[in-house]
Amino acid sequence: MCSDEVRPEPREKTMTQRTTDAREEPATYDVAATEQKWQPVWEKLDPFRADDSSPREKRYALTMFPYPSGDLHMGHAEVTALHDVIARYWWQKGYEVLNPMGWDSFGLPAENAAIRNDAHPADYTYGNIATQLESFQKYAVSFDWSRRFNTSDPSYYRWTQWLFLKLREQGLAYRKNSPVNWCPHDQTVLANEQVVDGACERCGAEVTKRELTQWYFRTTAYAQELLDCLDDLQPTWPAKVINAQRNWIGRSEGAHVDFVVEGRPEPLTVYTTRPDTLFGATFMVVAADAALAGELVTDEHRGALDDYLVEVRKETEINRLSTDRPKTGVFLGVHAVNPLTGARIPVYAADYVLADYGTGAIMAVPAQDQRDWDFATAFDLPIVRTVQPPADWEGLDTMAFTGDGPAINSANDEIDLSGMGVVEAKSTTIAYLEAKSLGRGTVNFRLRDWLLSRQRYWGAPIPIIHCPVDGEVPVPEDQLPVELPELRGADLKPKGTSPLGAATDWLNVACPTCGGPATRDTDTMDTFVDSSWYFFRYVSPHDDSQAFDPEKARAWGPIDLYVGGDEHAVLHLLYARFFTKALRDIGLVDWDEPFTSYLSQGKVINNGRKMSKSLGNGINLGDQLAEFGVDAVRLTLVFASPPEDNIDWADVSPGGSLRFLQRAWRLSGDVTSEPGADPATGDTGLRKLTHKTVHEAEVLIEKHRFNVMVARTMELVNATRKAIDSGSGGADPAVREAAETVAILLSLVAPYTAEEMWERLGHRPTVARVGWPVVDPALLVEESVTAVVQVQGKVRARLEVAPDITEGDLEALAMDDPTVVAAIDGREVRKVVVRAPKLVNIVV
RNA sequence: GCCCCGGUAGACCAACGGCAGAGUCGAUGCUCUCAAACAGCAUUCAGUGUGGGUUCGAAUCCCACCCGGGGCACCA
């Protein structure tokens, strides 16, 4: 660290007890000793074990399970601290809470680390899991550890494989040959969701395309439902996640239009969102890398297409996505006929049209589409305006007009769109095309099927056997799991084909159908498959007869609250939603959606920047915990801001958090009444605040305003301190009630401090399960409130009035007030707005 | 370019359309101390990004713009 001099003093000074004066209570408690003291006690009490047969109402709280790369970091600390507020609150409120944790332990980092260190991915993985488990336990999150599992355990991935086969039976998993995203660094294919701005989501390498036969999940089968259900999730999911998913699914409405191609029996069908502009279609473009291009091209032009394809395949995704790149393409030597104008229009192949969207072909309308305009300009093709731009529009000779306006040049003997706006012209055209069987209105989605095979080692093998006679044969269920071959000492370096192919003993098997020689599928599944169903497994994690127990799934689920980062806004959350719907249709569950509500937490950053090795601004969680203790770090993370905001570690003060915790703890030493003392005999003012605080804390926790809940707890601590020092004193039972309430409130955020307080208050552990304080409604009622009297919106007087004062009484009182009378100054009162009991506004 | 979210004291953040300030950090001063740390007490500082509108009344609702964050994007 570079700033040693300005850092807080070492631990002994800030954290140990002060024992200078034997008569005085110690001013602070020893954080490290407290942590060591309570961990074994809690382990023995096991207070967070979820009981399937409990009669209490059930709640399922889930936080994203970690990938085991090294020890826990600030991000884990934040998400679990926030999540634990809710989970512990639910326990206190009397629910039976399922709050499980495990590890998402398949994946590339383990494999890459193994390659670097000449070790085995399993060693790296299980070593890190042990480290993280220990850290989690010290961090005192209310997880039910009896339910933990790892996705890389054969007892888990057996069921990942089984579910794959179930989806395949339903036609939801299939293999096809297609141009796919290829990461040249990791030497594997990637799903669409894993390509970010043309680069590999994991390693950042520029993605290229390859033509490969791969396994897919048919996510598009649920495109509409995935979109529709977002409406139901809207109130309980963050807007940004809903928005991201909507954009990703990308529904659009338009039409399929059939074009007759000269010398070809079947039509060339295009998808367009602007059927109203069909009169302006002056040429057509098919995706250069689509099979269609090869089918359409004449022999004369085939050479040119092949040359062009070589160029196209060389382009990286990043270049291809650049919109200011000049348009390129080749003429295919064929013509089609515009069904409305009868014009003969040329057909081109170009790389600005995508093979896997719509039909892989478009009608080009240069006057109303900028991309088509650019192509038409480059290839000197005709441009016909069919929407009239406004008179003062300056793009008339230079660009496409995509706005609304009256249709022009849009009439033939049978249909006349002239003067219609875009919306009307669209529906009129679609109706005409449908009547003439030339096309039909249709809906299209941007969402693609999920490419799930990976050419890497550390994942669940795809349970398929390829037989020269029987083709794709599923591995029989009783032979699951298909275990990963050990391949210890083998070369796992990415070679573009799966390392599993090298395990010949494993590879070669008898075909389950015909018994002849066959080979296993050598690809492994994307690790997002593992995490798409893990929340089901937690309901019956040790069941070796089924993936999960449907009865228990019904009893616990769906998940009441899911907490995680928004880097998974589309990836994991969309896949998990897809899996849930697929499993529902298979009949395994009755949930439509897995996550009833979702809390997306911000990131922990430092000095305005993301923490990173290269910037050297990383904050090490272990160091923070050693310096300030678990509770202070947790409190800091919860208190810093609303959960969804980023936390800049440079803006917060774990030292301040520790000081607050010590202040709170000190209350427990100053309480001199006995446990069970009747608070009703105590100071009413403090009691009112205590009950109000509990009441507000409930509302705030349910609204996920944890930072404000902590602020309210701080207020209660301050008021209790004041009561002890200069109020009713430490013997007042109301002070005990307040201190005990503080301990319970803190049990959600600072479990060690809360437990220590609870013990000093004369109770036995654990404070985490004593139950939420019962609010006495009588104590929430104020005897008097301050009413504000405004004249012309300016505050002129304050009146102490009864909370149930009538509007008439309040108005009379206000009009009698001398300062108000002075402010009115004899002017005519035009209007009096009364909002009893809080406000009167007099307008003159 | 299209779509979401946000902008309040020096910093982090609060405020059912009704007194802009709950809490924390920082700074400053004081008390305690031989001195310091710890602790305690007190003080400090914004009129809510900008401009309009609705309203008796706007940080809050509406419109436009600016700035920041995020999603989508050669998706026809």
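Labels below follow one simple rule: chain letters A, B, ... track the order of the sequence lines, proteins then strands, and each chain is numbered from 1.
- For B:A76, one of the phosphate oxygens OP1 or OP2 lies less than 4.0 angstrom from a side-chain nitrogen or oxygen of A:Ser252.
- Comparing B:C5, B:A76, B:C25 by their nearest atom to the side chain of A:Arg659 picks out B:C25.
- Closest to the side chain of A:Pro642, from the set B:C72, B:A14, B:G23, is B:A14.
- In this structure, the nucleotide among B:C5, B:C56, B:C74 sitting nearest to the side chain of A:Arg325 is B:C74.
- Within the 4.0 angstrom heavy-atom criterion, only backbone atoms of the sugar-phosphate kind lie near A:Asp645; the bases stay farther away.
- As judged by a 4.0 angstrom heavy-atom cut-off over every strand, A:Thr402 is placed among residues making no nucleic acid contact.
- Rounding to the nearest 0.5 Å gives a distance of 4.5 Å between CG of A:Leu745 and OG1 of A:Thr713.
- Between B:C56, B:A76, B:U24, one nucleotide has an atom nearer to the side chain of A:Arg663 than all others, and that is B:U24.
- Of the candidate nucleotides B:A76, B:C13, B:C74, B:C13 has the atom nearest to the side chain of A:Ser641.
- Note on A:Ala244: only backbone sugar-phosphate atoms sit closer than 4.0 angstrom, heavy atoms only; bases stay farther off.
- Among the heavy atoms of the strands, none lies under 4.0 Å from A:Val270.
- Distance check on atom C1': B:C66 versus B:A14 gives 26 Å, rounded to whole Å.
- Across B:G53 and B:A9, the matching C1' atoms stand 28 Å from one another, rounded to whole Å.
- You'll find that the side chain of A:Lys327 is closest to B:C74, out of B:C74, B:A14, B:C5.
- Among the nucleotides B:C5, B:C56, B:U24, the one closest to the side chain of A:Phe639 is B:U24.
- Between B:C45 and B:G10, the distance separating the two C1' atoms is 8 Å to the nearest Å.
- In the set B:G40, B:A76, B:C72, the nucleotide with an atom closest to the side chain of A:Trp248 is B:C72.
- Residue contacts shown for A:Arg448 include a base, since a base heavy atom lies under 4.0 Å away.
- A distance below 6.0 Å separates the ring centres of A:Phe283 and A:Phe375.
- Base pairing of B:A35 is not made with any nucleotide, judged by Watson-Crick or G-U wobble geometry with both donor-acceptor distances under 3.5 Å.
- Using a 4.0 Å heavy-atom distance criterion, A:Asp725 is classed as making no nucleic acid contact.
- The separation of B:G49 from B:G7, taken at their P atoms, amounts to 8 Å, rounded to a whole angstrom.
- The glycosidic torsion of B:G47 lies within 90° of 0, which places this base in the syn conformation.
- Across all strands shown, A:Asn841 has heavy atoms under 4.0 Å from base atoms, whether or not it also approaches the sugar-phosphate.
- By the 4.0 Å N-to-carboxylate-O rule, A:Arg325 lies close enough to A:Asp351 to be salt-bridged with it.
- Between B:U8 and B:C67, the distance separating the two C1' atoms is 16 Å to the nearest Å.
- Side-chain N/O atoms of A:Lys831 include one lying less than 4.0 angstrom from OP1 or OP2 on B:C56.
- Note on A:Gln370: nothing from the nucleic acid sits closer than 4.0 angstrom, heavy atoms only.
- The shortest side-chain heavy-atom distance between A:Met284 and A:Val270 falls under the 4.5 Å cut-off.
- Pair check for B:C56 finds B:G18; Watson-Crick or G-U wobble, both atom distances under 3.5 Å.
- Checking B:G23, B:A14, B:C56 against the side-chain heavy atoms of A:Asn718 singles out B:G23 as nearest.
- Across B:G18, B:G23, B:C25, the shortest atom-to-atom separation from the side chain of A:Glu715 is found for B:G23.
- Among the atoms of the strands shown, none is found under 4.0 Å from any heavy atom of A:Pro238.
- In summary, the side chains of A:Thr402 and A:Gln370 do not present any donor paired with an acceptor at a separation below 3.5 Å, with no hydrogens or angles considered.
- Summarising the base pairing, B:U48 is matched to no nucleotide, lacking a Watson-Crick or G-U wobble pair whose two defining distances lie under 3.5 Å.
- Salt bridge status for A:Arg721 with A:Asp725: present, with a side-chain N to carboxylate O gap under 4.0 Å.
- The partner of B:A42 is B:U28, by the rule that a Watson-Crick or G-U pair needs both atom distances under 3.5 Å.
- The same atom, C1', is picked in B:C62 and in B:A22; the two are 30 Å apart, to the nearest Å.
- Between atom CD1 of residue A:Ile249 and atom CZ of residue A:Phe445 there is a gap of 8.0 Å, rounded to the nearest 0.5 Å.
- Residue A:Gln790 places a side-chain atom within donor-acceptor reach of the base of B:G18, judged by atom type and a 3.5 Å distance cut-off alone.
- Comparing A:Asn192 and A:Arg712 against RNA chain B, the residue whose closest nucleotide sits nearer the 5' end is A:Arg712.
- Interatomic distance, A:Asn243 CG to A:Trp237 CH2, rounded to the nearest 0.5 Å: 13.5 Å.
- Using N1 to N3 plus N6-O4 or O6-N4 for Watson-Crick, or N1-O2 and O6-N3 for G-U wobble, each under 3.5 Å, B:G1 pairs with B:C72.
- If you check every strand for non-hydrogen atoms under 4.0 Å, A:Val788 touches a base.
- Using atom P as the reference point in both B:U60 and B:C41, the two lie 36 Å apart (nearest Å).
- Distance check on atom P: B:C72 versus B:C13 gives 25 Å, rounded to whole Å.
- A sub-4.0 Å separation between OP1 or OP2 of B:A14 and a side-chain N or O of A:Asn707 is present.
- Across all strands shown, A:Arg830 has no heavy atoms under 4.0 Å from either base or sugar-phosphate atoms.
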